[in-house]
Amino acid sequence: MEEKNIILTGDRPTGRLHLGHYVGSLNRRVQLQNSGKYDEIYILIADDQALTDNADNPRKIRDNIVNVVLDYLSVGIDPAKTTICVQSGLPALHALTFYYMNLVTTARLSRNPTVKSEIQMRGFAEEGLPTGFFIYPVSQAADITAFNANVVPVGEDQLPMLEQAREIVEKFNRIYGETLVLPTAMIPENEMQRRLPGVDGKAKMSKSLGNCIYLSDDSKTIKKQVNGKMYTDPTHLQISDPGHTEGNVVFTYLDALCNDDLFAEYLPEYANLEEMKEHYRRGGLGDGTCKKFLINVLEETLSPIRANRAKWEADIDSVYDIIKTGTQKAEETTNETLAKVRKAMKINYFDDRSIVNEWNELLKQARQ
Ligand code: TRP
């Protein structure tokens with residue numbers, strides 16, 4: 001098999017993307033896109049996967065496709081370099097899922113730790129578990145293999161999906177012959193970037209907790225989230241008190257976002273974050289000053305994104321064309337993989353008439 005470097009990533013279109021997505025994954029996708037090291041890059045808007053736990057609310061998925069694409073375009077995903085495509089427009093993925101399901105036991109699916117905790121979170125343990133949700137790791141293996149992706153940049157919570165995809169690939173290739181590319185997960189190197197906490201210090205940004213900073217938030221909303229909700233150090237009561245920077249959300253965000261140039265511009269008392277942290281720990285640096293600096297850092301990060309978004313929002317026709325063209329290109333790629341898979345399984349009956357000879361031969365032997 002020819003060795004190409006192909007990236008696939010994906011998101012469920014269930015809401016606008018936030019700063020946690022940016023720091024943990026979007027920013028890196030843009031860097032990978034611009035590195036010039038990859039032959040093909042795809043981003044899949046996994047609307048079918050999103051339906052596995054939103055069957056009663058297709059409207060939510062339909063509405064958020066545009067939000068997610070706008071978020072991609074505004075952070076710098078360039079449709080000339082990255083193909084953005086929509087899962088429901090790629091029927092080959094469904095067919096692959098159906099074949100791969102035979103290579104995975106229900107016992108194996110039940111052990112997937114990410115799916116296990118999602119089942120708890122969604123209350124499916126009591127209400128009943130939709131079969132489609134239970135098997136979505138198989139459909140994700142179809143996504144990955146259909147694009148021949150060898151590199152899949154994901155967060156840590158997706159490692160069990162990659163493990164299952166690899167098992168499916170190995171089993172398929174063992175039974176039907178070397179056909180599918182074995183994918184590898186690429187997870188963020190930087191500990192801080194693996195998971196940005198919510199502004200309230202809870203482990204995850206989530207819409208229902210109201211602790212997100214969205215990429216599309218305006219300056220006023222950002223100020224409100226930081227000044228009104230951001231968790232600092234509860235033992236740091238007076239400015240003169242020594243403070244803790246560990247577990248202090250203001251510093252966690254600064255760790256993830258700031259650089260020395262931003263100090264020169266907005267807080268020249270310090271050369272870098274280390275100096276600022278030392279002062280905070282010693283005592284004498286107030287939370288107000290820290291938050292004000294963070295707001296400037298957030299503005300620096302988010303205002304160009306916001307400006308890009310406004311441009312794209314004014315031209316939704318082009319946004320539509322981008323994902324339509326992307327989906328058409330992806331359809332070709334994924335159909336090719338499906339054809340290869342059917343051929344390897346020898347179920348490609350209608351590619352040619354060779355099976356007529358086979359059947360004639362079989363019947364002749366039976367008559368003898
Ligand atoms: N399950 C992924 C998530 O929730 C989204 C996804 C769907 C995906 N298909 C994919 C990620 C393929 C990587 C590759 O984030």
Side-chain angles (χ1 to χ4, degrees), residues 5-18 20-26 28-29 32-33 38 40-54 60-61 64-65 67-69 71-72 77 82-90 92-94 96-97 100 109 112-119 121-122 130 132-169 180-188 193-196 204-207 323 326-327 330 333-334 337:
N5 279 319
I6 301 177
I7 287 185
L8 172 73
T9 58
D11 299 283
R12 296 180 194 175
T14 53
R16 289 176 180 233
L17 301 177
H18 53 58
H21 293 118
Y22 179 73
V23 164
S25 110
L26 293 175
R28 191 171 50 141
R29 289 185 201 174
L32 291 169
Q33 168 193 271
Y38 295 89
E40 292 167 38
I41 305 177
Y42 296 90
I43 300 185
L44 180 71
I45 301 179
D47 61 333
D48 285 337
Q49 186 179 112
L51 282 169
T52 64
D53 61 341
N54 287 286
K60 172 167 137 194
I61 311 305
N64 278 305
I65 290 175
N67 277 325
V68 170
V69 182
D71 286 329
Y72 292 156
I77 295 293
T82 298
T83 304
I84 306 175
C85 54
V86 179
Q87 190 176 31
S88 56
L90 306 171
L93 301 181
H94 308 142
L96 289 173
T97 304
Y100 295 171
L109 281 169
N112 184 309
T114 299
V115 177
K116 254 184 171 167
S117 74
E118 286 171 339
I119 288 173
M121 267 160 26
R122 287 163 178 71
F133 188 80
F134 182 58
I135 64 102
Y136 91 71
V138 182
S139 116
Q140 197 159 323
D143 302 343
I144 295 167
T145 55
F147 290 94
N148 305 306
N150 58 338
V151 179
V152 185
V154 282
E156 273 177 312
D157 64 320
Q158 295 295 304
L159 288 177
M161 309 307 157
L162 262 294
E163 216 175 285
Q164 287 210 277
R166 288 172 64 89
E167 286 170 25
I168 289 170
V169 167
L180 302 172
V181 176
L182 191 67
T184 350
M186 183 193 254
I187 59 168
Q193 300 185 338
R194 291 202 182 151
R195 180 163 289 174
L196 198 69
K204 214 174 166 175
M205 283 198 182
S206 105
K207 189 175 177 182
I323 57 175
T327 305
T333 313
T334 54
T337 304

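Because the structure is a prediction, the values reported are computed rather than measured. Throughout, numbering of the chain's residues begins at 1 and tracks the sequence. Read the numbers this way: they start at 1 and go in the same order the structure lists the ligands and their atoms.
Formation of a donor-acceptor pair under 3.5 Å by the T327 side chain with backbone atoms of V86 is found in this model.
Rounded to the nearest 0.5 angstrom, L93 CG and Y100 OH are separated by 9.5 Å. Atom CG in N150 sits 11.5 Å away from atom CD1 in I144 (nearest 0.5 Å). Atom CD of Q87 is separated from atom CZ of R12 by 10.0 Å, given to the nearest 0.5 angstrom.
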Output block, N or O contacts of ligand 1, threshold 3.5 Å exclusive:
residue, atom, partner, partner atom, Å
ligand 1, 1 (N), Q49, OE1, 2.8
ligand 1, 1 (N), Q140, OE1, 2.9
ligand 1, 1 (N), Q158, OE1, 3.1
ligand 1, 4 (O), R12, NE, 3.4
ligand 1, 9 (N), D143, OD2, 2.8

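For the pair V154 and M161, the minimum side-chain heavy-atom distance is 4.5 Å or more.
For D53, the salt bridge (charged side-chain N to carboxylate O under 4.0 Å, His left out) partners two or more places apart in sequence, or in a different chain, are R122.
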